[in-house]
2 protein chains.
Amino acid sequence: MAGANAAVKIPVEMPVVEKRVRNRAATQQAILDAAKRLLAEEGFQNFGINAVARGAGCDKQLIYRYYGGLNGLVEAIGTDLGSWVNDRIPDDTGGMFLLTYGDLMERLSMLFLDALRADPLMRRIVAWEVSENSEQVRRLSEARSKALAGWIERMRGSLVPPKGVDAQAVNAMIFAAIQHIVLAAAVSDQCAGLTLKNGKDWEKAATALKRIVRGVYG
Amino acid sequence: MAGANAAVKIPVEMPVVEKRVRNRAATQQAILDAAKRLLAEEGFQNFGINAVARGAGCDKQLIYRYYGGLNGLVEAIGTDLGSWVNDRIPDDTGGMFLLTYGDLMERLSMLFLDALRADPLMRRIVAWEVSENSEQVRRLSEARSKALAGWIERMRGSLVPPKGVDAQAVNAMIFAAIQHIVLAAAVSDQCAGLTLKNGKDWEKAATALKRIVRGVYG
DNA sequence: CTTGCTAATCACCGATCGGTGACAGATTGG
DNA sequence: CCAATCTGTCACCGATCGGTGATTAGCAAG
């Protein structure tokens with residue numbers, strides 16, 4: 001820039017940027033936050049040590065020191081994931097009385113659909129899960145599925161699926177449908193020819209989903 | 001290995017590797033084949049100019065010359081995709097008489113499920129679609145959905161969905177479920193707690209899928 | 001054989017990647 | 001006050017990335 005001559009010897013009296021305090025806990029948190037933010041906003045494609053360090057505004061060496069590298073950092077994200085899920089998906093029944101297994105699954109479907117739509121980090125992780133099978137993503141996947149299974153179990157209460165229906169397989173299909181449609185919509189606003197832009201589109205999707213659930217469980 | 005001393009001065013009389021013939025068409029095809037193979041086997045993560053050139057056993061410069069770079073190459077893959085789909089998914093009804101829309105959708109679901117399970121390239125492309133929104137993947141996505149839509153339209157014949165059902169939305173859910181469950185199984189042999197390893201597991205998944213279809217369309 | 005044309009290769013560029021060793025500044029215990 | 005420890009920064013490494021001239025090598029027509 002102008003005036004960048006070396007002769008001036010002003011000792012940078014007070015650098016406008018406030019000095020970074022020496023605080024390990026805060027730095028660790030900043031790194032973790034930056035990692036989650038980066039993963040949520042940019043996806044797993046360019047997720048690496050350098051990017052996280054840039055995002056956290058610190059040296060990448062600290063990531064190695066405090067988390068033992070990217071693997072450890074991802075693991076820390078996974079640990080966070082548990083509470084994350086429990087914070088974002090309601091545990092109660094929303095004031096409804098779930099009388100039948102169909103009631104339960106309809107409600108679970110809607111809650112999961114909305115939660116996933118509202119959670120970019122979780123979406124990126126799901127996309128990562130179906131794209132790679134590294135150690136990193138396996139850890140994340142495990143944490144996610146465990147948290148999810150726990151939530152479902154808590155919601156289920158004492159309700160049991162009707163006889164003659166392989167509920168595990170059917171539910172896997174339903175959750176798979178939700179995950180894929182939300183992922184597809186997040187990147188291209190559509191899925192299998194169905195436009196998913198505004199709330200009205202999502203209303204149609206939700207209705208179709210409920211119809212599917214009711215078609216199986218009544 | 002043994003005997004690899006540098007003193008021997010045999011002028012490599014006849015390098016075992018046969019000399020590459022000067023043949024533009026063949027080279028172009030080799031590049032395209034290598035690209036498809038790489039994408040199918042390694043995924044889109046490490047899919048790049050250098051990797052394709054290595055796989056094709058030629059210089060990357062030729063990819064720029066013949067395809068105008070990676071974008072053009074991906075476009076060529078997309079063009080291939082159309083015939084690819086039509087080759088791999090049967091157009092007939094398998095000797096069945098599809099009397100109802102439910103019959104049709106059940107058959108389409110099974111065909112699509114099997115086709116996707118058997119086609120690693122298509123799987124990688126689907127995973128790519130939900131992970132990124134670059135120009136490249138958009139081209140591929142468009143080619144895929146167009147080929148798929150054409151196939152469905154051809155199979156549909158004159159059958160129409162029952163009144164009172166948003167078939168477009170429901171079918172999007174069904175296809176989303178198939179895609180996600182196949183992708184998840186391909187990388188981790190499971191989906192939403194459902195194990196998907198052997199044929200028996202897939203039988204259960206197929207049954208669940210049919211039950212869902214029949215639940216909606218009867 | 002010579003002359004063009006073109007297929008194909010080589011060499012190199014700057015940028016970025018993951019990873020590491022050395023060092024500087026602050027804090028703390030003795 | 002000194003020394004050890006901890007936090008943070010910097011410089012550098014080799015490898016790989018996408019991308020681009022310049023060059024070599026084979027083929028065919030004259």
Side-chain angles (χ1 to χ4, degrees), chain A residues 11-35 38-39 42-77 128 131-132 134-137 139, chain B residues 11-12 14-15 17-35 38-39 42-77 128 131-132 134-137 139:
Chain A
V12 205
E13 185 81 30
M14 245 313 140
V16 192
V17 288
E18 74 270 33
K19 194 68 183 65
R20 218 167 155 48
V21 287
R22 275 170 67 93
N23 183 340
R24 169 164 181 165
T27 302
Q28 268 182 298
Q29 191 60 46
I31 291 172
L32 185 58
D33 289 344
L38 252 170
L39 188 52
E42 309 288 333
F44 58 92
Q45 290 267 67
N46 294 42
F47 185 75
I49 285 281
N50 291 301
V52 173
R54 270 196 304 272
C58 71
D59 196 276
K60 57 182 168 182
Q61 173 75 24
L62 299 183
I63 300 176
Y64 287 103
R65 217 173 274 164
Y66 296 153
Y67 290 96
L70 201 60
N71 283 337
L73 183 52
V74 169
E75 200 161 349
I77 295 178
W128 203 359
S131 300
E132 204 179 351
S134 61
E135 184 61 33
Q136 292 175 359
V137 70
R139 290 268 172 75
Chain B
V12 205
M14 244 314 140
V17 287
E18 75 270 30
K19 195 67 183 64
R20 223 171 150 48
V21 288
R22 273 169 69 91
N23 183 340
R24 169 163 180 165
T27 302
Q28 269 182 296
Q29 191 60 47
I31 291 172
L32 185 59
D33 289 345
L38 253 169
L39 188 53
E42 308 288 334
F44 58 94
Q45 289 268 66
N46 294 49
F47 183 75
I49 285 282
N50 292 302
V52 172
R54 269 196 303 271
C58 71
D59 196 275
K60 57 182 168 181
Q61 175 74 25
L62 299 183
I63 300 176
Y64 288 102
R65 249 206 273 290
Y66 297 154
Y67 290 97
L70 201 62
N71 282 337
L73 182 53
V74 169
E75 201 160 349
I77 295 178
W128 203 357
S131 301
E132 203 178 353
S134 62
E135 184 62 31
Q136 292 176 0
V137 70
R139 290 266 172 76

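Letters go in sequence order (proteins before strands), and every chain restarts at 1. These numbers come from a predicted model, not from an experiment.
With a 4.5 Å cut-off on side-chain heavy atoms, A:Glu75 and A:Tyr67 do not count as touching.
Taking CG of B:Asn50 as the reference point, atom CD1 of B:Ile63 lies at 8.5 Å (rounded to 0.5 Å). Rounding to the nearest 0.5 Å gives a distance of 5.5 Å between CD of B:Gln29 and CG of B:Leu32. Rounding to the nearest 0.5 angstrom, the gap separating the CD atom in B:Glu132 from the CD atom in B:Gln45 is 9.0 Å. Note that CD1 of B:Ile31 is 12.5 Å distant from CG of B:Leu38, once rounded to the nearest 0.5 Å. Atom CD1 of B:Ile77 and atom CG of B:Asp33 lie 10.0 Å apart (nearest 0.5 Å).
If you measure from atom CZ of B:Arg65 to atom P of C:dC5, you get 15 Å, rounded to the nearest angstrom. One interatomic measurement links the two molecules: CD1 of A:Ile63 to P of C:dG18, which rounds to 10 Å at whole-angstrom precision. Across the protein-nucleic acid pair, A:Leu70 atom CG and C:dC17 atom P stand 12 Å apart, rounded to whole Å. Distance NZ (A:Lys60) to C1' (C:dT16): 9 Å, rounded to an integer number of Å. Rounded to whole Å, atom P of D:dT7 lies 7 Å from atom CZ of A:Arg22. To the nearest angstrom, C1' of C:dG21 lies 15 Å from CG of A:Leu62. Distance A:Gln29 CD to D:dG8 P: 14 Å, rounded to the nearest Å. Per the geometry, CG belonging to A:Asn71 stands 12 Å off C1' belonging to C:dG18, to the nearest Å.
For the pair B:Tyr66 and C:dA8, the criterion of a side-chain N or O lying under 4.0 Å from OP1 or OP2 is met. Side-chain N/O atoms of B:Thr27 include one lying less than 4.0 angstrom from OP1 or OP2 on C:dA8. Look at B:Tyr64 and you won't find any side-chain N or O under 4.0 angstrom from OP1 or OP2 of D:dT20.
Ring planes of A:Trp128 and A:Phe47: perpendicular class, angle over 60° (limits at 30 and 60°).
Minimum atom distance to the side chain of A:Asp59 is reached by D:dT9, of the listed D:dT9, D:dT7, D:dT20.
Shown for residues 45-54 of chain A: residues whose heavy atoms fall under 4.0 angstrom of DNA chain C, namely A:Gly48, A:Ile49, A:Asn50, A:Arg54.
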